[in-house]
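First up is the structure itself, then whatever we jot down about it.
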Amino acid sequence: MRKWGLIVFLCLLMVAGLGWWFWSWGNINIKDDGIITLKIQNPGVEVMRQGSDDWSGVRENETLSSGDRVRTDGNGLATIVFFGQAEARLAPQSELVVQDIERAADGSRPTKINLRLELGRVWSRILHLAELDDSYTVSVNQVAATVRGTTFEIARTPSGSELVVWESAVEVGPSPDQVGAVMTPTVISEGFNANFDAAGKVSSIKVTADEVDASDWHRNNINLDNAFAKFAAQQQEQRLKDMGGSLPGGPLDGLNRLSENLHLKMAAEKAPRLYAAYVERRLYGIKRLIERNRSGAAFSTLTVLEQDINSRLRGPDADAFGRPLRRALFGMSDLLREVGPSSPYYRLKQKIEDMEIGLAINDDAGGIYARMRAMDARLDEATVLIGQMSLDEAKDALDAARQGIANAERDIDRLPETVESSKVSSLRGRLGVIKAREAALRIKLATAISPPVTEMSSGNTTSTPDFLTATSTPEFVQSTSTSYENIILSARPGSPIVGDKVTLSVKATRADGTSADVTANSIFTLTGAGTINGPVFETAAVGPVTLRAEFKQEDEIYKAEIRLDVKAAPVVLKSLKMTAESTGTLGPGESAVLHAQAVYSDNSTKDVTVSTSFTTSNNILGYVVNNVLYAGKDAVGQLRVIGKYREGTVEVGAYIDFQISGR
């Protein structure tokens, strides 16, 4: 009897162990850095808590809340870390109020970080804010600097405030406590600093001086920025690793999916966040497959995942699933931020962007914002590519961003009146930042292609050699000077191909940073192949050309020139050609090896089989693993195999039909 009791006990123990093992596949460790912490770089830091009138010393990594104040003495240096997404660094003799913080750990509400600088200087580094209604704002006097991913510093000065933008761009408008304030927002691009008077009006905008660039404060913060970004990326990678789960397509993957589905059925109101976490670790598993050179399996898995997400968004709880899913996709795209067109992960990066856009299918404003995030990704790529001197690829990225900007401008104007005005305002502000950033990168690209050269009769100067400059006068800045310092000749497009018509423009700049368009009063000449008619240059042949502009005001003559390299029309991807080693009818369990060739505008071809995503019209009739089609055994009918291949922003497709005979 004891023997049978022991056997029963062991069987129950085995069943319990198997049950726990099965249940564990759906368990997931969801970490959330939902706190604000204070780091001390140099002693001399104090905090005044909300509701208190007393300053007190603090310890390393002490938590902060809305309403708390932080100040530094003549030696103190402090960093406030917001949810692992942003840092605010106080210089010595500074005081900052953590004015208002809003955040939901489950992503159900927007993240808002509002700070107010009472004294001194603060440096801000924002890694990412995912949603259109997320924001990071620093107020000084009557103005507020608002961003969604950038590096800048702002200081309170005796006469007002000063803003220096080190990366991307910042929109400046009235501070949140200035209810009813009339102030036209403007965008300040990287490499420029703006001064504001006590009433919040711009007194000057100018290029940041070299000595500011070389200061110990600047160098130290740049190093801290790099360390922060690197640490955040490592934390994100580790977080995804800690989520566990099976490798997609592996022998235990089906069991993993069953366990997840059971967890979701029992999760009740927590199901949207749990499902988003499953999507994250599934995407990370797809990234691992690509690491192992299994792109075919990776993108087949991704197709199934897309279908599952789409089915969730068609259900009654679509709104509840939307925001957590967007944050999950954003987390993965942020991990791939530095990935460029030559990377094996680039196609995954673009697919995630497409999925983000797809999540906003019933949200016009959200869809535009998702496309803006894709524009930002192209600008990130252009930044890296210019640094690597991959200038043709950088131009492609900038051209894609410019087309996106044009589309977004059109779509914002067409938004229905039912869209909240605050969302429309946020979209316009965000688009202004992207336009300014794209313009600044055009200048960097043109400078990398051909260093600028300018002549001016009244002295030596340097012109900006591309199609747009970031120093155009904001609407609310009025110049008090009529004399000019130099002229800037620019061309659009800056890297033309044979047959292009290039539009020239001339801006005359003043000492106070303002400028005026003097194109209509300028004379243009050309050295090289082509014709010039006023401010329009028509290209005629491949090779370098030099364009010159001359502008006369009273007795002063200003001259500028730029050099352009006219290139042949690029070879572009036109179509995809699919073939199979076995065609026609496939019997039960038979297979066919698929091949894909990219066809280009010059009629050249390239084998792209390993980079092509293959899917079938019916998974019961047949399925594809890597580039091999396997016929089903128990169904009869016509099966279509679809191939899709993407290069940059261009995607082409083709298909082959098979007859599956079944048993």
Side-chain angles (χ1 to χ4, degrees), residues 80 86-97 99 113-126 129 135-178 181 183-215 217-222 224-225 429-430 432-437 439-440 469-479 512-515:
I80 305 173
E87 288 191 347
R89 304 192 196 105
L90 273 70
Q93 294 184 323
S94 299
E95 182 179 334
L96 185 75
V97 182
Q99 194 166 7
I113 301 171
N114 295 320
L115 312 177
R116 188 174 73 249
L117 183 66
E118 299 283 6
L119 178 70
R121 180 179 296 271
V122 62
W123 178 293
S124 294
R125 175 69 170 103
I126 300 90
L129 293 171
S135 65
Y136 179 103
T137 300
V138 181
S139 301
V140 184
N141 291 330
Q142 310 296 313
V143 301
T146 300
V147 298
R148 294 178 182 84
T150 191
T151 302
F152 72 99
E153 60 177 304
I154 194 165
R156 183 182 284 270
T157 64
S159 58
S161 56
E162 179 185 28
L163 170 71
V164 184
V165 182
W166 296 108
E167 181 183 308
S168 189
V170 175
E171 182 187 11
V172 182
S175 62
D177 54 0
Q178 299 301 304
M183 178 180 176
T184 305
T186 189
V187 173
I188 310 299
S189 298
E190 64 181 73
F192 289 83
N193 68 309
N195 286 279
F196 303 84
D197 64 20
K201 293 183 178 180
V202 171
S203 55
S204 69
I205 300 176
K206 56 188 177 182
V207 176
T208 304
D210 291 341
E211 57 267 26
V212 177
D213 236 0
S215 68
W217 165 255
H218 174 258
R219 288 197 303 268
N220 184 52
N221 277 295
I222 290 297
L224 290 173
D225 283 351
R430 182 61 182 148
V433 169
I434 292 173
K435 289 172 69 175
R437 189 180 177 204
T469 175
T471 57
S472 56
T473 308
E475 291 181 14
F476 57 94
V477 179
Q478 299 296 326
S479 173
D512 62 2
T514 61
S515 61

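These values consider heavy atoms only, across backbone and side chains, with no hydrogens, waters or symmetry-generated copies. Predicted model only: the values in this text are computed from it and were never measured.
- Ring planes of Trp123 and Trp217: perpendicular class, angle over 60° (limits at 30 and 60°).
- In this structure, the separation between OG1 on Thr151 and CD1 on Ile222 is 6.5 Å, given to the nearest 0.5 Å.
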(message) The test is side chain to side chain contact (heavy atoms under 4.5 Å, CB included); show your working for Trp166 and His218 and say whether it passes.
(response) CA-CA 9 Å; Trp166 296 108; His218 174 258; 3.4 Å; yes
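- Partners of Ala145 under the side-chain contact (heavy atoms from CB on, under 4.5 Å) rule, at least two apart in sequence or in another chain, are Phe152, Ile154, Leu163, Val170.
- Within the model, atoms CG of Asn141 and CZ of Arg116 stand 11.0 Å from one another, a figure rounded to the nearest 0.5 Å.
- Residues meeting the side-chain contact (heavy atoms from CB on, under 4.5 Å) test with Ala155, sequence neighbours left out: Arg121.
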(request) List the steps, then state whether side chain to side chain contact (heavy atoms under 4.5 Å, CB included) holds for Asp225 with Arg89. (result) CA-CA 10 Å; Asp225 283 351; Arg89 304 192 196 105; 2.8 Å; yes
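- With values rounded to the nearest 0.5 angstrom, Ile113 atom CD1 is found 13.0 Å from Gln99 atom CD.
- Ser161 is linked by a side-chain hydrogen bond (donor to acceptor under 3.5 Å, both in side chains) to nothing, counting only residues two or more places apart in sequence or in another chain.
- In terms of heavy atoms, Ile188 sits closest to Ala194 at CD1-CB, 4.0 Å.
- Listed by chain and number, the residues in a side-chain contact (heavy atoms from CB on, under 4.5 Å) with Leu119 are Glu95 (sequence neighbours excluded).
- Looking at residues two or more places apart in sequence or on another chain, you find a side-chain contact (heavy atoms from CB on, under 4.5 Å) between Asn220 and Leu224.
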(message) For a side chain to side chain contact (heavy atoms under 4.5 Å, CB included) check, start with the C-alpha distance between Phe196 and Thr157, then their side-chain angles and the critical distance, and finish with the verdict.
(response) CA-CA 9 Å; Phe196 303 84; Thr157 64; over 6 Å; no
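- Between the side chain of Ser203 and the backbone N or O of Asn195 there is at least one donor-acceptor pair closer than 3.5 Å.
- Across every non-hydrogen atom of Asn193 and Glu162, the tightest pair is ND2-OE2, 3.0 Å.
- Shown here for Ser124 and Ile126, the closest heavy-atom pair between the two residues is CB-CD1, 4.0 Å.
- Taking the salt bridge (charged side-chain N to carboxylate O under 4.0 Å, His left out) definition, one finds that Arg156 meets it with nothing, sequence neighbours left out.
- Here the shortest heavy-atom pairing between Ala144 and Thr137 reads CB-CG2, 3.6 Å.
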(request) Please lay out, stage by stage, how Ser94 and Leu96 fare under the test side chain to side chain contact (heavy atoms under 4.5 Å, CB included). (result) CA-CA 7 Å; Ser94 299; Leu96 185 75; over 6 Å; no
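- Once rounded to the nearest 0.5 Å, the distance linking CD of Glu171 with OG1 of Thr150 reads 12.5 Å.
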